[in-house]
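Below you'll find the structure, written out as structure tokens, and then a few comments.
Computed from heavy atoms alone, side chains included, the values below leave out hydrogens, waters and symmetry copies.
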Amino acid sequence: MSILKKIVIYALLLLSLGSIGYISFIYYVPYSNGVRSGELIKISHKGYLVKTWEGEISQGISGAQIFSFSVEDKHKDIIQQLKDYQGKYVKVEYIERYRTFFWWGDTRYYITKVEKENSPHFNPNNDEN
């Protein structure tokens, strides 16, 4: 085998391993994780070639602060819960990734759990006057 063929093969191997390592790092190593609460104002399945699930939570009065997030297609139960809780006050757990790819979603925030909560703004059992 000529030296040029060896260089090309090693370069392709290095490029392949580097790409696999980069994608694995982006997917498996979270930048942060946390919890946010607010009114679920949007959940949609959007895109031209690749459809992704995107949503928004209003964290302030009259939508002053919006938290945008994505949901991976493999989390069918979370997607259904978000559809059911549309317009309700929810608490979501998420992971934030360093980067995203177009087939994963528009944001770096990915929902891992969702729960319905009582709104602190419209709670009839609230004793504060």
How many angstroms lie between [atom1] in [X] and [atom2] in [Y], if you round to the nearest 0.5 Å?
X      : Y     : atom1 : atom2 : result
Phe102 : Leu49 : CZ    : CG    : 7.5 Å
Ile9   : Leu4  : CD1   : CG    : 10.0 Å
Leu17  : Leu13 : CG    : CG    : 4.5 Å
Ile66  : Gln59 : CD1   : CD    : 8.5 Å
Phe67  : Ser58 : CZ    : OG    : 12.5 Å
Tyr109 : Glu96 : OH    : CD    : 4.0 Å

Does any non-hydrogen side-chain atom of [Y] lie less than 4.5 Å from one of [X]?
X     : Y     : answer
Ile43 : Trp53 : yes
Val90 : Val92 : yes
Thr52 : His45 : no

In this structure, would [X] and [Y] fall into the same cluster of hydrophobic residues linked by side-chain contacts under 4.5 Å?
X      : Y     : answer
Trp104 : Val29 : yes
Tyr89  : Ile57 : no
Val50  : Ile23 : yes
Trp103 : Tyr28 : yes

Residue pair [X] / [Y]: nearest heavy atoms and the distance that separates them:
X     : Y      : value
Lys46 : Asp106 : CE-OD2, 3.0 Å
Ile26 : Phe101 : CG2-CE1, 4.0 Å
Pro30 : Ile95  : CB-CB, 4.3 Å

Can you sort out the partners of [X] under side-chain hydrogen bond (donor to acceptor under 3.5 Å, both in side chains), two or more places apart, ordered by chain and number?
X      : result
Tyr110 : Thr100
Tyr31  : none
Ser37  : none
Ser70  : Glu54, Thr107

Listing, residues 78-87 side-chain donor-acceptor contacts under 3.5 Å, not counting sequence neighbours, or none:
residue, atom, partner, partner atom, Å
Gln80, NE2, Asp84, OD1, 3.0
Gln86, NE2, Ile41, O, 3.1

Backbone N or O of Asp73 within a donor-acceptor pair of the Lys76 side chain at under 3.5 Å?
-> yes
Ring-face cation of Arg108 near Tyr98 (centre distance under 6.0 Å, axis angle within 45°) = no
NZ or CZ of Arg99 within 45° of Phe25 ring axis and under 6.0 Å = no
What pairs with Phe69 under ring pair (Phe, Tyr, Trp, His ring centres under 6.0 Å), at least two apart in sequence or on another chain?
-> none
How about Ile3: does its CD1 atom have over 12 heavy atoms from other parts shown lying under 6.0 Å from it?
-> no
Taking only Lys NZ, Arg NE, NH1 and NH2, and the carboxylate oxygens of Asp or Glu, determine whether Arg36 and Glu56 approach each other closer than 4.0 Å.
-> no
